[in-house]
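Here is how names work: the chains are called A, B, and so on, in the same order as the sequence lines, proteins then strands, and each is numbered from 1.
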Number of protein chains: 2
Amino acid sequence: MYSNRQNQWVMAKNKMSVSEKTCTLKEVLDIIGGKWAMPIIYILSKGKMRFKEIERSIEGINTRMLVKELKNMEANGIITREVFATVPPTVEYTLTPKGEKLLPSIVSLHTWGQEFTA
Amino acid sequence: MYSNRQNQWVMAKNKMSVSEKTCTLKEVLDIIGGKWAMPIIYILSKGKMRFKEIERSIEGINTRMLVKELKNMEANGIITREVFATVPPTVEYTLTPKGEKLLPSIVSLHTWGQEFTA
DNA sequence: CAGAATCCAACCGGATACTG
DNA sequence: CAGTATCCGGTTGGATTCTG
């Protein structure tokens with residue numbers, strides 16, 4: 001998945017010293033490291049929401065990006081998508097238990113921001 | 001800072017309901033939401049490190065991105081940069097107290113990854 | 001409402017090569 | 001070692017149009 005370029009200064013037989021530990025973090029960031037994933041999770045912590053509700057709640061996002069992120073998050077088991085055959089159609093998104101377990105980290109980041117980006 | 005496009009379906013007088021709360025989170029992500037900031041912080045939690053050490057420790061990063069992130073993080077008071085006039089030159093990076101306070105969140109994300117990306 | 005599709009500009013990120 | 005400079009492709013983002 002990651003390119004394997006080695007720098008020219010070090011032959012590094014045992015180079016993987018720390019990277020194994022960071023690798024898991026990178027995998028996590030591959031899932032929720034995008035620009036909008038965490039804001040979406042944070043918004044959904046209040047409970048299930050419809051597509052346009054989410055779009056309106058997150059300042060600066062647009063339809064295309066929201067669709068893309070929601071699909072990605074659904075594929076990773078972080079949210080659930082429910083479709084209701086109403087007119088006009090209703091689609092609701094909910095955090096899965098797996099997704100909810102991300103909340104402490106995100107809330108913690110949010111709190112850090114309140115303390116330091118005054 | 002953010003564009004203000006409104007969708008055509010909803011006039012939304014009171015639209016900012018949730019976005020104020022997410023705004024702080026977005027500011028945080030503007031600082032450490034990049035692809036490499038959190039891995040760097042995670043790596044630096046072990047103590048001060050030199051430029052090439054960091055570069056070798058983080059699989060997949062390249063020089064330009066590392067420089068850019070380090071500058072950005074220094075400008076945001078997350079890390080400290082120390083230059084030593086040696087030959088060859090030595091530059092060491094350290095987490096500031098402000099930066100250290102991000103660790104719980106990042107460790108928490110890492111732990112989540114260990115549980116769910118097996 | 002909930003998207004899908006398309007076009008296009010802007011920026012981000014990656015691979016290298018080069019310098020003090 | 002610690003960067004800087006350069007080229008370049010992919011992604012992001014915005015606007016707009018269309019469909020069920």
Task: SB check Lys26(A) Glu59(B) (cutoff 4.0 Å) - done: no
Open item on the list: Tell me the interatomic distance from Leu29(B), atom CG, to dC12(C), atom C1', rounded to whole angstroms.
Closed with: 16 Å
Task: Residue Arg50(A), side-chain atoms from C-beta onward, closest of dA2(C), dA4(C), dC1(D) - done: dA2(C)
Task: Degree of bending in the helix from dC1(C)-dG20(D) to dG20(C)-dC1(D) once both end axes are built from five pairs, to 10° - done: 40°
Task: Of the listed nucleotides dA2(D), dT4(D), dA4(C), the one nearest the side chain of Val91(B) - done: dA2(D)
Task: Interatomic distance, Glu53(B) CD vs dG3(D) P [rounded to whole Å] - done: 13 Å
Open item on the list: Check the phosphate of dC1(C) against Tyr93(A), side-chain N and O only, distance under 4.0 Å to OP1 or OP2. Yes or no?
Closed with: no
- [ ] Using modelled atom types only, decide if a donor and an acceptor are shared between the side chain of Thr24(A) and the backbone of Gln114(B) within a distance under 3.5 Å.
- [x] no
Open item on the list: Whole angstroms only, please: what is the CD1-P distance between Ile79(A) and dA2(C)?
Closed with: 13 Å
Open item on the list: Below 4.0 angstrom, which residues in residues 80-90 of chain B have at least one non-hydrogen atom near DNA chain D?
Closed with: Arg81(B), Pro88(B), Pro89(B), Thr90(B)
Open item on the list: Holding to side-chain contact (heavy atoms from CB on, under 4.5 Å), I want the full list of residues that pass it with Val87(B), two or more places apart in sequence or in another chain.
Closed with: none
TODO: Find the distance Ile61(B):CD1 to dG14(C):P and express it as a whole number of Å.
DONE: 8 Å
Open item on the list: Rounded to whole Å, how long is the line connecting atom CG of Leu66(B) with atom P of dC1(D)?
Closed with: 13 Å
Task: Whole-Å distance separating the NZ atom of Lys52(B) from the P atom of dG3(D) - done: 10 Å
- [ ] Return the set of residues passing side chain to side chain donor-acceptor pair (under 3.5 Å) with Tyr93(A) (not counting sequence neighbours), or none when no residue passes.
- [x] Arg81(A)
Task: side chain to side chain donor-acceptor pair (under 3.5 Å) involving Lys48(B) - partner list, sequence neighbours excluded - done: Glu82(B)
TODO: Using only side-chain N and O atoms of Asn62(A), determine if any of them is under 4.0 Å from OP1 or OP2 of dG14(D).
DONE: yes
Open item on the list: How many whole angstroms separate atom CD of Glu59(B) from atom C1' of dG14(C)?
Closed with: 15 Å
Open item on the list: Check this for me, if you would: do Lys52(B) and Glu55(B) make a salt bridge, where the nitrogen-to-carboxylate-oxygen distance has to be below 4.0 angstrom?
Closed with: yes
- [ ] Map Glu92(A) and Gly34(B) onto DNA chain C by nearest heavy atom, then report which one ends up closer to the 5' terminus.
- [x] Glu92(A)
Could you go over nucleotides 6-12 of chain D and give all protein N or O partners under 3.5 Å, atom names and distances?
residue, atom, partner, partner atom, Å
dT12(D), OP2, Lys68(A), NZ, 3.4

- [ ] Using whole Å, report how far CG of Leu70(B) lies from C1' of dT4(D).
- [x] 14 Å
Task: Nearest to side-chain heavy atoms of Arg56(B), which nucleotide of dC1(C), dC1(D), dG3(C) - done: dC1(D)
